[in-house]
2 protein chains.
Amino acid sequence: MDGARSMANVKMSDIASLAGVSESTVSRALSDNPLINEATRLRIKKIAEDHGYVLDLRARNLRLQKTGTISVVFPLLHEVDSGFSDPFFLEMLGYLADELSDRHYDLLLHKIAPGEPRGLVELINERRSDGVVVIGQSTQNAVINELASRYEPLVVWGAALPDNHYLTVGSDNYNGAVMAVQHLVALGHRRIAFFGDKILPEIGERYAGYVAALEKADIALDPSLECRVPFDRLGARKAMNGFLDKKLPFDAVFAASDLVAIAAINVFDQRGIRVPVDVSIVGFDDIMLAAAYTPALTTVRQDIGGGAKALVETLFHRLNGTPTQSTILPTSLVVRASCGAK
Amino acid sequence: MDGARSMANVKMSDIASLAGVSESTVSRALSDNPLINEATRLRIKKIAEDHGYVLDLRARNLRLQKTGTISVVFPLLHEVDSGFSDPFFLEMLGYLADELSDRHYDLLLHKIAPGEPRGLVELINERRSDGVVVIGQSTQNAVINELASRYEPLVVWGAALPDNHYLTVGSDNYNGAVMAVQHLVALGHRRIAFFGDKILPEIGERYAGYVAALEKADIALDPSLECRVPFDRLGARKAMNGFLDKKLPFDAVFAASDLVAIAAINVFDQRGIRVPVDVSIVGFDDIMLAAAYTPALTTVRQDIGGGAKALVETLFHRLNGTPTQSTILPTSLVVRASCGAK
DNA sequence: AACTAAAATGCAATCGATTGCAATAACTAT
DNA sequence: ATAGTTATTGCAATCGATTGCATTTTAGTT
């Protein structure tokens, strides 16, 4: 770990000697403290510049008791696929990176495995970051709740569950699902399947919207039309094939996410079921690839950029002590080819 | 920034008083230093545990002159799309996160805009991380080269350009492209278009492979069959539509990335050109969605997981002073439906 | 020129750890 | 017992900044 850094390592005391002043003066000059004489300030800045001086953030942060960093945590949905699975999360990450760097904050990326929620607690205790954004509550609701009672600068992307004690930012999953299903109903579909795992809070909300929309359209809910699709690719295919093997008649699918929709179209294709000719399908998320898919995916758009912005704003309000609330972002239906309406 | 942290903030000196020993002893006990008496060590650890003590990494890192963090930098390819564009990069990011967390290192995520390469230099100077992984040299080769001469713990994912002074880990783009094009040739195609922007080093290597494979097959290179597809979605569509407007006959496409291939299939579809019936297409990357696409994409697989591993290993060798070299990872052809061979 | 007010700078403590060296306690051998 | 080890523990300096308070310098007033 030595000899690795071959770059000039100028520190504040060096600049101080060079300028013939004290460290205090250098510190103040560099931070534009008005106590310092204009001429002195300029001279010091010039010297610092010339010698390529850069503040050591470790030291400054230790002194100031902050870090200039925000942790972004992804609870993994399952053990199988070790990478991030859903492009949705990744788009969110990109936007978060933008929002944070606009505020000159750094982004510390963490993944926590389903087994070990302790990770979150340690992350916080080590004081590596000034606040935490958790992307998706997954099945960790209880842990997050417990944690939030002791740690304030925490915001979660996900569903606003009734028993949450933590701040959330999330999409209006319920109404998004209602719109999706109503659209399918309007196209004349009656036997609409639900593909997704409603154990996850957000998916649960989407399922509730599905149920409500069916009820409103006077279509009896047929529980056998629900296919519990897990988040890993193989499991998903297996579940969907199992569903198809039952040979239940259905004319449309409301998929709980675009990824599920895409996987479904693929499985359908292999069995000669054509989308949207034989079956209409609507997804959820509007990931970048939804528009580029063939057929292009009808889907419920979540405002990912807006979500990232709200997450960061909410977090900074917390950090500054400004009162804030949870946010629910509106969703909208994007009609494309996969539902046959085009 | 005050009152934000409501969590108990126990520090080492607190544990020391509680245990009736000095801070030194606590420090040593917690790090299992054999100097400390077994009984004392256990007692101190117990107390620390009971009081939820966690090391303040800022302080430790300042003292030890390290950070326990690795920066991962994404040079943005274009100004338009502010998010990360390519799922390939994001899969890479996921794997890097795994590799680093296995080594108990944190991952600091950075994006640098095309305009301001200074970002990289500052990032390094602020000493926020012990090393840097740059994902894709983009068009920043000169900057990276200059930087690498002064800063050692730096590894770059990308092409091993002849004038590089920095360590790289990358795929065998050339041979991957050769395989892809040879496959198309073997299927009887003669007019094979190249879709991609060869200004980027890696794409340049793929183009070279394309040219070589054609030559070997005695097919004259037709420059009009090259379509310079930029990285942003709109620009890409525009370029491809422009290409199609020229009505040049072609029977296959070698796309420089899966994303380009997917976009191409989409544009083709809108014009009634069917894949693989009318045109065969081969992509590059094997992103997760390549298999899930309809038609499933024939593509050149890059070993992303292996790449991430090599990047991290190479970087740690650098940090430890162990001599290392650049790595070129083998690529392989994955045959699926989009080339019509299935 | 003398004195006061204001402006500019420096001193030294502090953030929370680690570690070389000195000091003390506990043992061993004679 | 006594000197000589050896096993434990503590002191104090250090990492690189920031900042309240004291101090010096400069400017302003009569």
>> Heavy atoms only, 4.0 Å cut-off, all strands: where does Leu57(A) land among base, sugar-phosphate and nothing?
In response: nothing
>> So Leu35(B), base contact, sugar-phosphate only, or nothing? Heavy-atom distance under 4.0 Å.
In response: base
>> Heavy-atom nearest nucleotide on DNA chain C for Val54(B) versus Arg41(A): which residue maps closer to 5'?
In response: Arg41(A)
>> Need one value for Leu62(B): base, sugar-phosphate or nothing, where a base atom within 4.0 Å counts as base even if backbone is also close, heavy atoms only.
In response: base
>> If you compare all heavy atoms of Asp163(B) against all heavy atoms of Asn145(B), which two are closest, and at what distance to 0.1 Å?
In response: O-ND2, 2.9 Å
> Touch check for Thr40(A), heavy atoms < 4.0 angstrom, all strands: base, sugar-phosphate only, or nothing?
Replying inline: sugar-phosphate
> What pair of heavy atoms forms the shortest contact from Gln137(B) to Asn164(B), and how long is it?
Replying inline: NE2-ND2, 4.1 Å
>> Could you tell me the boundaries of the chain B footprint on DNA chain C, defined by atoms under 4.0 Å from its heavy atoms?
In response: dG16(C) to dC21(C)
> So, Ser27(A) and Ser24(A): side-chain donor and acceptor under 3.5 Å apart, yes or no?
Replying inline: no
> Does Arg28(B) or Ala59(B) map to a spot on DNA chain C nearer the 5' end, using the closest nucleotide for each?
Replying inline: Ala59(B)
> So, Arg58(B) versus Gln65(A): side-chain donor-acceptor pair below 3.5 Å or not?
Replying inline: yes
>> Please check if the number of heavy atoms outside Ile328(A) that lie under 6.0 Å from its CD1 is greater than 12.
In response: no
>> Restricting to non-hydrogen atoms, name the atom on Pro153(B) and the atom on Leu319(B) that form the minimum distance, rounded to 0.1 Å.
In response: CB-CD2, 3.6 Å
